[in-house]
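The block underneath contains the structure these notes are about, expressed in structure tokens.
Here, residue 1 is the first one in the sequence, and each next residue gets the next number.
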Amino acid sequence: MMDQREVTDREGITWTCIQALSGISDEAAQVKGEEDCYWVVCTPSGGAQSVRVKLQGDWQTTESDEALLDEIAAAQET
């Protein structure tokens, strides 16, 4: 099962975030050298480009919407 989460930013864009490669294995999505840290891909509902962010393993339940949107915004700037 793939865990995903949706958040909406101030511009009204809904981002769907899903742990990268979660259908394959947790190990495949894990950030190398960082324990309990995973790559998450967030895809927008509008014209913006998808981004990849690095989050803790329990991001689906513990990361606030604001913190997740901050991570997305930071990834867009790189």
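- Identified under the disulfide bond (SG atoms under 2.5 Å apart) test for residues 39-78, with sequence neighbours left out: Cys17-Cys42.
- In this structure, Asp70 has no salt bridge (charged side-chain N to carboxylate O under 4.0 Å, His left out) partners at least two apart in sequence or on a different chain.
- With sequence neighbours left out, Ala74 forms a side chain to side chain contact (heavy atoms under 4.5 Å, CB included) with no residue at all.
- The distance from atom CD1 of Ile72 to atom CD1 of Ile13, rounded to the nearest 0.5 Å, is 10.0 Å.
- Here Gln4 contributes atom CD and Gln60 contributes atom CD; the two are 10.5 Å apart, rounded to the nearest 0.5 Å.
- Applying the disulfide bond (SG atoms under 2.5 Å apart) definition to pairs two or more places apart or across chains, none involves residues 47-78.
- Here CD of Glu66 is found 12.0 Å from CG of Asp9. Values are rounded to the nearest 0.5 Å.
- Separating the CZ atom in Arg10 from the CG atom in Leu69 is a distance of 8.0 Å, to the nearest 0.5 Å.
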Under 3.5 Å, side-chain donor or acceptor atoms of residues 49-59 against the rest of the protein: list the pairs with distances, not counting sequence neighbours.
from: Ser50; atom 1: OG; to: Thr43; atom 2: OG1; distance (Å): 3.2
from: Lys54; atom 1: NZ; to: Glu34; atom 2: OE2; distance (Å): 3.0
from: Asp58; atom 1: OD1; to: Thr62; atom 2: OG1; distance (Å): 3.2
from: Trp59; atom 1: NE1; to: Gln19; atom 2: OE1; distance (Å): 3.4

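- Applying the disulfide bond (SG atoms under 2.5 Å apart) definition to pairs two or more places apart or across chains, none involves residues 47-76.
- Side-chain atoms of Arg5 never come within 3.5 Å of backbone atoms of Leu68 as a donor-acceptor pair (strictly under, hydrogens ignored).
- Side-chain N or O atoms of Ser45 include one that pairs as donor or acceptor with a backbone N or O of Thr14 at under 3.5 Å.
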